[in-house]
Protein chains: 2
Amino acid sequence: MKYSKATNYALHTMVYLITLPKGRTIGMQSLAEIQDLSPTYLSKILTKLAKGGLIESTPGVKGGYKVSKSRDDISFLDVIKTVEGETNLFHCSIEHNQNKGCMIENVMIQAEENMKEELANTFLIDLADQVDENSRSLIKGKAN
Amino acid sequence: MKYSKATNYALHTMVYLITLPKGRTIGMQSLAEIQDLSPTYLSKILTKLAKGGLIESTPGVKGGYKVSKSRDDISFLDVIKTVEGETNLFHCSIEHNQNKGCMIENVMIQAEENMKEELANTFLIDLADQVDENSRSLIKGKAN
DNA sequence: TAATTACAGATAATAAAAGTCTATAATATC
DNA sequence: GATATTATAGACTTTTATTATCTGTAATTA
Ligand code: SF4
Ligand code: SF4
């Protein structure tokens, strides 16, 4: 059980995008090179993010991607949910009627909520400064 | 991304076992029937739990499984870790040297820790009473 | 029109999980 | 000690989800 690579790519891409000067776009080609992965696969992920309203894309010669206008309000959870879907780690396996208030379910859901709360309360923008010194240059590290 | 069925089976089985009168054993055959799943597959999971010291098994005619002597100290996390392994939801995808203190990693790890903390602080024994009224009968619901 | 870019859909490859089958070892009872 | 009963081990198959590729299409700029 682990996050999909797609989520990983999405997070890194989002962090990268949010460090760009406002309004500045970057092409998928470059984004793929930076992270050393296939453009077409990354494309699918970025399309999801675009449809989810987290980024904006424009085709054409000077096109590319940029973070959406809601850039200051995008949480980690937003990104993860957009890519993974309305994911729930725990699902009841047995189907029975009296499952309201089941302690097993309660515990598992509650724990999961604790994680999500943290993810929902951390915003990409919070990292923007730090990232410029650390991770962003690191993400580019491979290319450099 | 979700918990494996194995974890699900393990949790239900553990909860069932802990509701049994102390020292009482139950065979794999029965456990499998109760949850309506294949005995051989369940066997693998139970063996993991046994090796992990969460349950004790005895072969032979009057054999079967029972919760281990540490029964009062078994947390949800114990069960999950035993089955899923030392699982970490988030793994760095890129390998670079300056990755200490990376904010992305910090956030993801911290969120994960929040979930695990909850799971580590909830013990199976806490459910034992409740379960007798609710879930356990439910688990048996299929067979009844 | 031409070049560049994102988008869509089908398909293939890979990996992980879920499940099966068969044979073996340990225990209790007779 | 023989026999029935139970758990254990390992190889194997099936299924499912993820990851990745390939090809063609649509939108935008110059
Ligand atoms: S978690 Fe509770 S409600 Fe859900 S399947 Fe298990 S026993 Fe039933
Ligand atoms: S999470 Fe941070 S340290 Fe890990 S790969 Fe991404 S940028 Fe590097």
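Labels below follow one simple rule: chain letters A, B, ... track the order of the sequence lines, proteins then strands, and each chain is numbered from 1. All values derive from a computational prediction rather than experimental measurement.
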(message) Between A:Ser75 and A:Asp78, is there a side-chain donor-acceptor contact under 3.5 Å, judged purely by atom types and distance?
(response)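 Looking only at side-chain atoms, A:Ser75 and A:Asp78 do form a donor-acceptor pair, the distance falling under 3.5 Å.
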
(message) Ignoring hydrogens and geometry beyond distance, is a side-chain donor-acceptor pair present between B:Gln110 and B:Asn114 at under 3.5 Å?
(response)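 Indeed, the side chains of B:Gln110 and B:Asn114 share at least one donor-acceptor pair under 3.5 Å.
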
(message) At a heavy-atom distance below 4.0 Å, what parts of residues 47-59 of chain B sit against DNA chain C?
(response)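 Contacting residues: B:Pro59.
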
(message) Under 4.0 Å, heavy atom to any atom of DNA chain C: which of residues 75-89 of chain A qualify?
(response)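 When residues 75-89 of chain A is checked for heavy atoms under 4.0 Å from DNA chain C, there are no hits whatsoever.
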
In whole angstroms, how far is the [atom2] atom of [N] from the [atom1] atom of [X]?
| X | N | atom1 | atom2 | value |
| --- | --- | --- | --- | --- |
| B:Lys44 | D:dT14 | NZ | P | 17 Å |
| B:Lys62 | D:dT6 | NZ | P | 8 Å |
| A:Tyr41 | C:dA6 | OH | P | 18 Å |
| B:Asp36 | C:dA18 | CG | P | 16 Å |
| B:Met1 | C:dA15 | CE | C1' | 18 Å |
| B:Leu42 | D:dA7 | CG | C1' | 12 Å |
| A:Leu37 | D:dA20 | CG | P | 7 Å |
| A:Lys2 | C:dA17 | NZ | C1' | 11 Å |

(message) Using a 4.0 Å heavy-atom cut-off, does B:Thr40 contact any base of the nucleic acid, only the sugar-phosphate backbone, or nothing at all?
(response)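 The answer is base, as B:Thr40 lies within the cut-off (heavy atoms under 4.0 Å) of a base atom.
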
(request) Under 4.0 Å between any heavy atoms, over every strand shown, what does A:Tyr9 touch: base, sugar-phosphate, or nothing? Just pick one. (result)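 Answer is sugar-phosphate: A:Tyr9 comes under 4.0 Å of backbone atoms only.
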
(message) Is there, by distance only and without an angle test, a donor paired with an acceptor across the side chain of B:Lys5 and the base of C:dG19 below 3.5 Å?
(response)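 When only heavy-atom distances are counted, B:Lys5 does not reach the base of C:dG19 through any donor-acceptor pair under 3.5 Å.
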
(request) Taking only the side-chain nitrogens and oxygens of A:Ser38, find out if one of them lies under 4.0 Å from OP1 or OP2 of D:dT21. (result)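 For A:Ser38, the contact criterion (side-chain N or O under 4.0 Å from OP1 or OP2 of D:dT21) is met.
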
(request) Taking only the side-chain heavy atoms of A:Ala6 (C-beta and beyond), determine which of D:dT19, C:dA6, D:dT29 contains the nearest atom. (result)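 Given the options D:dT19, C:dA6, D:dT29, the side chain of A:Ala6 is closest to D:dT19.
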
(request) Among the candidates D:dA20, D:dT8, D:dT29, find the nucleotide nearest to the side-chain atoms of A:Val61. (result)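 Nearest to the side-chain atoms of A:Val61, counting from C-beta on, is D:dT29.
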
(request) Could you pull out the closest heavy-atom pair between A:His12 and B:Ser93, with the gap in Å? (result)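 A:His12 and B:Ser93 have their closest heavy atoms at CE1-OG, 3.8 Å.
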
(request) Compare every heavy atom of B:Glu112 with every heavy atom of B:Phe90, then report the nearest pair and how far apart it is. (result)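 Nearest pair, atom of B:Phe90 first, then B:Glu112: N-OE1, 3.4 Å.
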
Judged by atom type as modelled, is there a donor-acceptor pair below 3.5 Å linking the side chain of [X] to the main-chain atoms of [Y]?
| X | Y | answer |
| --- | --- | --- |
| B:Ser4 | B:Thr7 | yes |
| A:Asp126 | A:Thr122 | no |
| A:Thr19 | A:Tyr16 | yes |
| A:Ser70 | A:Asp73 | no |
| B:Thr47 | B:Ser43 | yes |

(message) I need the single residue from B:Lys51, B:Lys69, B:Arg71 that forms a salt bridge (charged side-chain N to carboxylate O under 4.0 Å, His left out) with B:Glu56. Which is it?
(response)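 With B:Glu56 as partner, B:Lys51, B:Lys69, B:Arg71 yield a single salt bridge (charged side-chain N to carboxylate O under 4.0 Å, His left out), made by B:Lys69.
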
(request) Could you say whether B:Thr7 or A:Gly63 is positioned toward the 5' end of DNA chain C, judged by the nucleotide with the nearest heavy atom to each? (result)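 Result: A:Gly63.
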
